Amino acid sequence: MHKVTGIALAAGVAFFSNAVFAEPVSVSSPDGSLKATLDSGADGLVYRVEKNGVPVIENSELGFVFRKAAPFGKGLKIAQTETTSFDDTWEQPWGERQFVRNHYNELKAVVKENGADGRAVTIVFRVYDDGLGFRYVGGDDAFGEAEIMDELTEFTFAEPATAWWIPSREHNRYEYIYQETPLADVTIAHTPITMRTKSGLYVSLHEAALLDYSGMSLLKKEGRTFEADLSPWADGAKVKLAGAFKTPWRTLQISDEATGLLDSSLILNLNEPNRLGDVSWVEPGKYVGIWWGMHLALNTWGSGPKHGATTEETKKYLDFASKYGFKGVLVEGWNEGWDGDWFNNWNLMNFTTPYPDFNFPELAEYARERGVRIIGHHETSGGVTNYENQLEDAFDLYEKMGVRQVKTGYVADAGEIAREEDGKVFQEWHDGQYMSRHHEKVLIEAAKRKISINSHEPIKDTGLRRTYPNWISREGARGMEYNAWGSPPNPPSHTAIIPFTRMLSGPMDFTPGIFDLLYEKEQPDNRVQTTLTKQLALYVVLYSPIQMAADLPHNYEARMDAFQFIRDVPTDWSESHALTGDIGKHATFARKERGGNDWYLGSVTNEEARTLTVSLDFLDEGKRYEAQIYRDGDDADWDTNPYSMVIEKKLVSASDTMKLKMAAGGGIAIRFKALAD
Ligand code: NOJ
Ligand code: CA
């Protein structure tokens with residue numbers, strides 16, 4: 001299937017060995033609409049990007065600054081270039097779509113310093129119809145053992161834009177409410193950061209394949225010029241190189257339509273193929289768990305009269321899961337270490353000793369008999385050395401107990417990650433190189449035991465699920481938990497923004513499905529700011545191969561009619577299509593179940609009621625479907641009447657259109673059940 005053609009554009013190195021390339025070198029997307037250009041002039045090395053001849057990124061610097069060596073960026077010449085085309089379709093073991101087309105044109109440019117012993121690196125551009133990525137690649141002799149103190153990569157946006165973003169280098173990682181501001185008002189932002197330019201183009205900036213490198217934030221320099229700002233180590237180095245290296249891809253998804261961003265597979269395509277071989281043991285699916293009770297303060301993680309993770313309580317959840325078809329039961333607070341101020345201490349957690357009231361072997365057997373799996377939990381509270389010291393034993397125990405999925409956590413309210421070395425403690429960023437290495441180590445140890453990882457307070461997603469398909473999901477944004485104790489809780493617009501920002505990076509363990517939206521007794525100051533129907537819609541809108549039904553079991557049993565949608569909705573898809581999108585206002589997806597014929601639709605709106613009209617032409621041609629519609633009642637409103645919901649059925653086919661009527665803070669969820677021919 002691989003079709004790789006190489007056309008050397010500038011093989012004349014031998015003839016022009018000392019000459020600076022007079023002409024800049026360019027590479028265009030397969031359809032010709034996007035073009036990236038690399039230029040090495042007197043001022044240093046720059047690149048620029050245009051779409052349909054109109055600049056998107058103006059001349060922007062490239063290069064590095066080192067602790068000891070001289071900077072790399074000025075006095076460079078393009079010594080050699082090569083362009084190739086690539087068109088291949090690969091299969092995801094699980095995902096929002098089964099087959100992904102990877103179609104791009106690539107430019108590899110060797111850029112070299114003047115002089116006989118000038119250093120050289122290769123800059124690689126991959127240009128797709130829906131965006132592009134570029135990275136620096138160096139051989140062993142490029143910089144050798146070195147410390148990068150700054151990556152000079154710049155992004156000078158050609159036009160003013162409106163940006164949706166969260167601040168970076170703050171204590172609370174990625175857990176902020178998105179701001180909508182002029183691009184020029186962005187100070188320092190995490191990626192993905194998404195914008196709509198003055199002329200109406202949608203652009204999202206992020207990175208792909210963040211391995212053994214530091215995460216990039218976007219730091220304002222001046223006007224519309226931003227630079228890649230890498231998270232530093234405790235000693236100030238941004239990245240420690242030990243010879244050959246590849247930076248992550250710096251990515252720009254670019255589309256005329258907001259939905260174009262939602263349908264893009266650019267980030268995944270820029271990652272390397274699966275390194276784990278057979279991953280049939282990675283199991284997508286839905287789960288419940290001993291979780292929301294702690295967030296509502298009904299239970300505790302630690303020991304005592306309100307301890308959540310008891311043998312008896314876990315059995316109830318295992319019974320509930322097997323009765324209603326859930327594959328997993330997450331158990332938090334089963335291990336010693338939670339007593340006291342666990343979120344301000346990084347060395348309390350013991351990952352192999354259960355609390356006395358949690359009989360792990362008995363529960364493992366109980367789960368096995370019911371065809372349900374216990375989902376493990378490792379809350380590190382940011383103590384990563386403490387965790388790494390126990391890592392192998394901790395996973396061995398889970399393997400023995402039949403656990404196939406572990407939720408990890410890196411809450412570190414005392415600051416950042418604690419790394420211990422020679423009896424001293426160093427604070428590292430959640431998205432620094434140390435943590436990028438740590439997460440890879442965890443994935444590899446877990447994979448040896450056929451365990452998948454769902455990381456909370458993670459490093460951001462950069463598409464590594466392609467390379468490590470056992471990285472099954474993660475948090476990395478404000479999830480449902482903020483509605484329990486967050487101040488303020490997530491506003492109605494939150495889930496109409498994250499599809500265009502956080503979710504472009506990959507799956508999120510948002511933990512939807514709260515049915516008791518008010519919990520007036522437990523947390524009277526907070527509530528979920530959605531309608532009940534919107535909770536259902538989130539299962540389709542916010543993609544994750546694992547989805548939690550996050551509420552307490554009795555709240556589902558009190559609303560069996562709405563619960564039916566959660567029981568039906570799959571988490572693994574053969575196709576996904578964005579049907580509507582307007583950042584911060586609405587997002588609608590249609591997805592087809594993997595290994596089945598049914599389609600599902602989910603749509604969410606912000607605090608405004610709206611009616612969207614969509615064509616059902618995504619449905620399979622010639623088939624008839626029973627649409628099982630869960631919609632907001634005519635009098636529904638997230639604030640005043642959140643539970644009003646209508647469930648109705650209609651016969652439909654691909655030639656129909658449908659009106660999606662949503663209340664303020666509402667949504668709609670539909671199962672299109674394929675009827676026998
Ligand atoms: C934060 C996680 O996001 C949440 O899901 C978990 O319950 C707590 N940490 C405790 O580990
Ligand atoms: Ca969290």
Side-chain angles (χ1 to χ4, degrees), residues 166 170-177 190 287-303 306-309 313-314 317 328-346 348-351 355 374-384 386-387 394 405-414 416-417 430-431 435 439 442 453-461 472-487 489-490 494 498 502 507-514 522-523 526 528 542 544 546-552:
I166 50 172
E170 296 281 345
H171 78 287
N172 217 5
R173 307 162 296 265
Y174 309 99
E175 297 171 16
Y176 288 89
I177 293 176
H190 276 301
Y287 70 101
V288 292
I290 300 183
W291 181 75
W292 190 235
M294 274 83 90
H295 290 271
L296 291 184
L298 287 169
N299 297 113
T300 55
W301 281 279
S303 60
K306 294 206 293 180
H307 186 212
E313 188 69 0
T314 308
Y317 274 82
V329 172
L330 168 72
V331 186
E332 295 197 0
W334 65 273
N335 61 308
E336 287 195 345
W338 293 87
D339 294 311
D341 196 1
W342 61 268
F343 43 87
N344 283 308
N345 284 285
W346 36 263
L348 296 179
M349 291 294 175
N350 178 321
F351 300 102
Y355 278 120
I374 291 177
I375 298 176
H377 186 228
H378 287 158
E379 174 54 71
T380 67
S381 44
V384 168
N386 178 51
Y387 183 37
Q405 201 191 108
V406 175
K407 170 174 168 178
T408 57
Y410 298 86
V411 167
D413 287 1
E416 294 302 325
I417 296 297
H430 279 74
D431 59 354
M435 285 307 283
H439 285 289
V442 171
I453 298 294
N454 164 22
S455 6
H456 278 231
E457 301 77 41
I459 195 166
K460 64 179 155 184
D461 199 342
I472 198 152
S473 201
R474 80 185 81 195
E475 191 186 42
R478 271 175 156 242
M480 186 63 80
E481 59 181 7
Y482 275 81
N483 298 324
W485 40 255
S487 177
N490 298 328
H494 185 61
I498 57 174
R502 160 66 184 84
M508 175 174 178
D509 188 37
F510 185 86
T511 68
I514 297 302
E522 297 86 357
Q523 301 273 27
N526 264 10
V528 182
L542 302 179
S544 175
I546 52 164
Q547 290 279 20
M548 188 176 201
D551 209 341
L552 307 172

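Atoms within a ligand are numbered from 1 in the order they appear, just like the ligands themselves. In this text, all values refer to a predicted model and were calculated from it rather than measured experimentally.
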[X] heavy atoms, cut-off 4.0 Å: which ligand 1 atoms fall inside?
X      : value
His377 : 11 (O)
Glu475 : 3 (O)
Glu379 : 9 (N), 10 (C), 11 (O)
Val411 : 1 (C), 9 (N)
His456 : 2 (C), 3 (O), 5 (O)

Exercise for review: With the Ca ion (ligand 2) at the centre, find the angle made by OE1 from Glu475 and OE2 from Glu175, to 10°.
Suggested key: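 Rounding to the nearest 10 degrees gives 70°.
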message = If we set the cut-off at 4.0 Å for heavy atoms, which region of Trp292 has an atom near ligand 1: side chain, backbone, both, or neither?
response =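 It is neither part, as no heavy atom is under 4.0 Å.
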Check your understanding: Can you find an N/O atom of Glu481 closer than 3.5 Å to an N/O atom of ligand 1?
Key ->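 Yes.
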Check: Any N/O of Glu332 closer than 3.5 Å to an N/O of ligand 1?
Finding: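 In this structure, Glu332 places an N or O atom under 3.5 Å from an N or O of ligand 1.
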*So do the side chains of Met349 and Asn335 get within less than 4.5 Å of each other, counting heavy atoms only?*
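Yes, at least one pair of side-chain atoms sits under 4.5 Å.
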| query | Heavy atoms, side chains only, cut-off 4.5 Å: are Glu379 and Glu457 in contact? | reply |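 They are in side-chain contact.
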### Message
Under a 3.5 Å threshold, yes or no: a donor from one side chain and an acceptor from the other, between Tyr287 and Asp509?
### Response
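Asp509 and Tyr287 do have a side-chain donor-acceptor pair below 3.5 Å.
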message: Could you check whether His378 and Tyr387, counting side-chain N and O atoms only, form a donor-acceptor pair closer than 3.5 Å?
response: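 There is such a pair (donor and acceptor under 3.5 Å, judged by atom type) between the side chains of Tyr387 and His378.
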Query raised in the report: Looking at ligand 1, does Met294 have a heavy atom less than 4.0 Å from it?
Result: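 No, Met294 has no heavy atoms under 4.0 Å from ligand 1.
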Q.
So, of the N/O/S atoms that Glu481 has, which is the nearest one to the Ca ion (ligand 2)?
A.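 Atom name of the closest N, O or S in Glu481: OE2.
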The Ca ion (ligand 2) - closest N/O/S atom in Glu457:
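It is OE2 of Glu457.
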Review point. Is Thr300 reaching over with its side chain to a backbone N or O of Gly302, donor-acceptor style, under 3.5 angstrom?
Key: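 Judged by distance alone, yes, a pair lies under 3.5 Å.
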